Visitor: 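Encoded as structure tokens, here's the structure I'll be asking about.
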There are 2 protein chains.
Amino acid sequence: MFQVPTKTQYAIRALVHLVQVKTASVASIAETERIPFKYLEAIFSQLKSAGLLSADRGRSGGYRLAREPELILMSDVVKATEGDIRPVECVDDASICTVAEGCLPRRFWLGLKRTVDAYLASVTLAEIAEPLSPRNRIEPSPQLNEISIAAKKEHHS
Amino acid sequence: MFQVPTKTQYAIRALVHLVQVKTASVASIAETERIPFKYLEAIFSQLKSAGLLSADRGRSGGYRLAREPELILMSDVVKATEGDIRPVECVDDASICTVAEGCLPRRFWLGLKRTVDAYLASVTLAEIAEPLSPRNRIEPSPQLNEISIAAKKEHHS
DNA sequence: AAATATCCTACTAAATACCTATGAATATAG
DNA sequence: CTATATTCATAGGTATTTAGTAGGATATTT
Ligand code: FES
Ligand code: FES
């Protein structure tokens with residue numbers, strides 16, 4: 001359950017890459033991140049439509065972040081690749097449920113939606129792109145903010 | 001995204017029904033809850049295998065909860081119908097990722113898994129089956145809001 | 001014995017996820 | 001100006017998962 005589509009995983013990996021290199025072509029990112037080229041092209045098209053990426057065409061063109069990674073929330077990314085979080089249709093439209101009149105599970109789904117939304121909106125692209133500290137290469141701390149504070153600036157190979 | 005399969009929605013609706021009527025046949029639940037009979041039969045088979053339901057065959061048989069609804073967590077239900085929460089394969093096995101050596105997004109996925117797990121494990125079937133007060137037929141009860149906040153705080157601890 | 005349940009195995013249908021193919025439009029380097 | 005490298009647009013195709021059906025065997029009560 002809650003399997004995240006590869007599309008979104010690819011999107012995040014590619015965005016992290018762009019944080020580091022500032023600007024790059026789809027082809028180069030696809031190769032270094034081992035993502036199918038044409039698929040990534042389509043994904044970037046979506047991310048651009050969502051206002052997360054800017055592009056330059058032509059010989060020395062490429063993609064770059066449309067704004068600073070501190071201002072890109074993971075909820076923005078997920079929304080761009082997959083649309084709104086909607087555990088069940090009725091969180092948007094209670095009239096769908098056949099027993100909507102007094103439907104009990106609805107509260108539960110709304111709570112789930114809020115929980116996931118809150119988490120996704122609490123993590124920025126910049127935090128994900130922070131280098132890993134030696135301590136948490138295996139077992140990461142659940143709190144990304146603490147990681148980013150504790151993380152050193154050194155690079156790992 | 002995070003669309004919950006109808007299988008799980010059906011399971012929860014049916015379980016809530018069983019909280020209220022104590023014991024019932026698949027046919028009767030399927031009819032009153034508007035769930036396809038044969039599908040619900042298969043779902044109940046899974047829930048029984050998971051130890052959430054007990055059954056009696058024969059003329060006046062039927063299904064009933066295997067234990068008190070206060071002791072049935074929503075994480076139990078979801079696990080029974082869909083297996084473990086696993087946003088990406090690498091949360092279980094980091095060796096899958098092509099760049100697992102220093103994979104940055106992995107922390108993020110682990111945090112998501114923790115957040116969802118915590119929420120699902122914080123709500124019992126008994127709570128979902130609580131009757132709705134007139135005020136919160138539309139908006140979710142403060143009770144479940146507090147639950148989602150608690151889940152988030154747990155993640156921040 | 002008849003009726004009413006769960007239980008079991010297999011199958012189909014629909015939806016989604018994942019990826020590919022083709023090529024036009026655009027900008028740059030030389 | 002031309003060759004080349006890039007984004008952009010559209011139209012598919014395959015594999016997997018989800019959702020649901022079909023038919024009957026097995027157990028229990030009346
Ligand atoms: S309104 Fe959503 S299951 Fe009833
Ligand atoms: S280890 Fe999961 S995306 Fe890299």
Side-chain angles (χ1 to χ4, degrees), chain A residues 1-14 18 21-31 33-66 78 80-83 86-89 98, chain B residues 1-14 18 21-31 33-50 52-66 78 80-84 86-89 98:
Chain A
M1 193 200 189
F2 292 119
Q3 174 106 6
V4 174
T6 59
K7 181 194 276 191
T8 300
Q9 299 180 45
Y10 288 160
I12 293 175
R13 293 230 307 268
L18 275 178
V21 304
K22 304 278 277 180
T23 176
S25 68
V26 173
S28 71
I29 298 173
E31 194 188 3
E33 293 288 337
R34 308 264 172 83
I35 299 170
F37 168 62
K38 276 295 183 186
Y39 198 26
L40 185 58
E41 218 177 14
I43 293 166
F44 270 20
S45 171
Q46 278 189 264
L47 295 176
K48 191 197 173 195
S49 296
L52 301 179
L53 292 179
S54 300
D56 290 313
R57 298 221 258 200
R59 172 139 190 178
S60 64
Y63 280 95
R64 60 182 190 280
L65 298 179
V78 167
T81 57
E82 304 181 44
R86 184 186 311 176
V88 299
E89 295 92 345
T98 53
Chain B
M1 191 203 190
F2 293 119
Q3 175 105 8
V4 174
T6 60
K7 180 193 277 191
T8 299
Q9 300 180 45
Y10 288 161
I12 293 174
R13 294 230 308 268
L18 275 178
V21 305
K22 304 276 278 180
T23 175
S25 68
V26 173
S28 70
I29 299 173
E31 193 187 6
E33 293 289 336
R34 306 264 172 84
I35 299 170
F37 167 63
K38 277 295 187 182
Y39 198 25
L40 185 58
E41 218 177 16
I43 293 167
F44 269 22
S45 172
Q46 278 190 264
L47 294 177
K48 190 196 173 195
S49 297
L52 300 179
L53 291 179
S54 302
D56 290 310
R57 299 220 259 200
R59 174 139 191 180
S60 64
Y63 280 96
R64 60 181 190 281
L65 297 179
V78 167
T81 57
E82 304 181 43
D84 283 321
R86 185 185 311 177
V88 298
E89 295 92 345
T98 54

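Here the structure is a predicted model, which means the values were calculated and not measured. Chain naming here is simple, since letters A, B, ... match the order of the sequence lines and numbering starts at 1 in each. Note that these values count all heavy atoms, side chains included, but never hydrogens, waters or copies made by symmetry.
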Visitor: How long is the line joining CD of A:Q3 and C1' of C:dC18, in whole Å?
Guide: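 In whole Å, C:dC18 C1' and A:Q3 CD are 13 Å from each other.
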Visitor: Between B:E41 (CD) and C:dA5 (P), how many Å, whole number?
Guide: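 Nearest whole value for this atom pair: 12 Å.
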Visitor: Find the distance A:E82:CD to C:dA15:P and express it as a whole number of Å.
Guide: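 Between P of C:dA15 and CD of A:E82: 19 Å.
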Visitor: Looking at C:dC7, I'd like to know if its phosphate oxygens (OP1 or OP2) sit under 4.0 Å from a side-chain N or O belonging to B:S45.
Guide: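 Negative; the distance criterion is not met.
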Visitor: Tell me: CG of A:L40 to P of C:dT20, nearest whole Å?
Guide: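 So the two atoms are 12 Å apart, to the nearest Å.
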Visitor: Indicate, yes or no, whether a donor-acceptor pair under 3.5 Å links the base of D:dG13 to the side chain of A:K38.
Guide: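 Looking at the base of D:dG13, it does not pair with any donor or acceptor on the side chain of A:K38 (distance under 3.5 Å).
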Visitor: Taking CZ from A:R64 and P from D:dT6, how many angstroms apart are they, rounded to a whole number?
Guide: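 Result: 15 Å.
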Visitor: Within the structure, does a side-chain N or O atom of B:K48 lie under 4.0 Å from either OP1 or OP2 of C:dT6?
Guide: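 False: B:K48 side-chain N/O out of range (4.0 Å or more) of C:dT6 OP1/OP2.
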Visitor: I need the A:L47 CG to A:L53 CG distance, nearest 0.5 Å.
Guide: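 Answer rounded to 0.5 Å: 5.0 Å.
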Visitor: Could you state the CG-P distance from A:L53 to D:dT6, rounded to the nearest angstrom?
Guide: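 Taking atom P of D:dT6 as the reference, CG of A:L53 is at 17 Å.
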Visitor: Please report the interatomic distance OG(B:S25) to CD(B:E41), rounded to the nearest 0.5 Å.
Guide: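 Output value for this atom pair is 10.0 Å.
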Visitor: Assuming nearest nucleotide by heavy-atom distance, tell me which of B:Y63 and A:F37 is located more 5' along DNA chain C.
Guide: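 Of the two residues, B:Y63 wins.
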Visitor: Are B:T8 and D:dT18 close enough that a side-chain N or O sits under 4.0 Å from OP1 or OP2?
Guide: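 So the side chain of B:T8 is outside the cut-off, no N or O lying under 4.0 Å from OP1 or OP2 of D:dT18.
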Visitor: Which sits closer to the 5' end of DNA chain D, A:D56 or B:G61, going by the nucleotide each is nearest to?
Guide: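 The residue mapped nearer the 5' terminus is A:D56.
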Visitor: Please round to the nearest 0.5 Å and tell me the distance separating atom OG1 of B:T23 and atom CG of B:L18.
Guide: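 Here the interatomic distance stands at 7.0 Å.
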Visitor: Could you check which of D:dA19, D:dT21, D:dT7 has an atom nearest any side-chain atom of B:P36?
Guide: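 Of the options given, the side chain of B:P36 lies nearest D:dT21.
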Visitor: Please state whether the phosphate of C:dC18, meaning OP1 or OP2, lies under 4.0 angstrom from any side-chain nitrogen or oxygen of A:Y10.
Guide: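 For C:dC18, OP1/OP2 do not have a side-chain N/O of A:Y10 under 4.0 Å.
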Visitor: Are B:S60 and C:dT4 close enough that a side-chain N or O sits under 4.0 Å from OP1 or OP2?
Guide: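 Negative; the distance criterion is not met.
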Visitor: On the side chain of A:R57, is there an atom forming a donor-acceptor pair with the base of D:dT7 - under 3.5 Å, no angle test?
Guide: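 Such a pair exists between side chain and base.
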Visitor: Is any N or O donor-acceptor pair between the side chain of B:R59 and the base of D:dT28 shorter than 3.5 Å?
Guide: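 Looking at the base of D:dT28, it does not pair with any donor or acceptor on the side chain of B:R59 (distance under 3.5 Å).
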Visitor: Classify B:F44 by what it touches in the nucleic acid, base, sugar-phosphate, or nothing, heavy-atom distance under 4.0 Å.
Guide: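 If one applies the 4.0 Å heavy-atom cut-off, B:F44 turns out to touch nothing in the nucleic acid.
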Visitor: What's the OH-P distance between B:Y39 and D:dA22, to the nearest Å?
Guide: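 The answer, rounded to whole Å, is 15 Å.
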Visitor: At what distance, to the nearest 0.5 angstrom, does OG of A:S45 lie from NZ of A:K48?
Guide: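 Those atoms lie 8.0 Å apart.
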Visitor: Taking atom C1' of C:dC19 as reference, at what distance in whole Å does atom CD of A:Q9 sit?
Guide: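 Nearest whole value for this atom pair: 15 Å.
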Visitor: What contact category does B:S25 fall into here, base, sugar-phosphate, or nothing, at under 4.0 angstrom with non-hydrogen atoms?
Guide: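 Contact class for B:S25: sugar-phosphate only.
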Visitor: Donor-acceptor pair, distance only, cut-off 3.5 Å: does the side chain of A:Q9 make one with the backbone of A:V4?
Guide: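 Between the backbone of A:V4 and the side chain of A:Q9 there is a qualifying donor-acceptor contact (under 3.5 Å).
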Visitor: Evaluate A:L40 against A:Y63 for side-chain contact (heavy atoms from CB on, under 4.5 Å), listing each step before the verdict.
Guide: CA-CA 12 Å; A:L40 185 58; A:Y63 280 95; over 6 Å; no
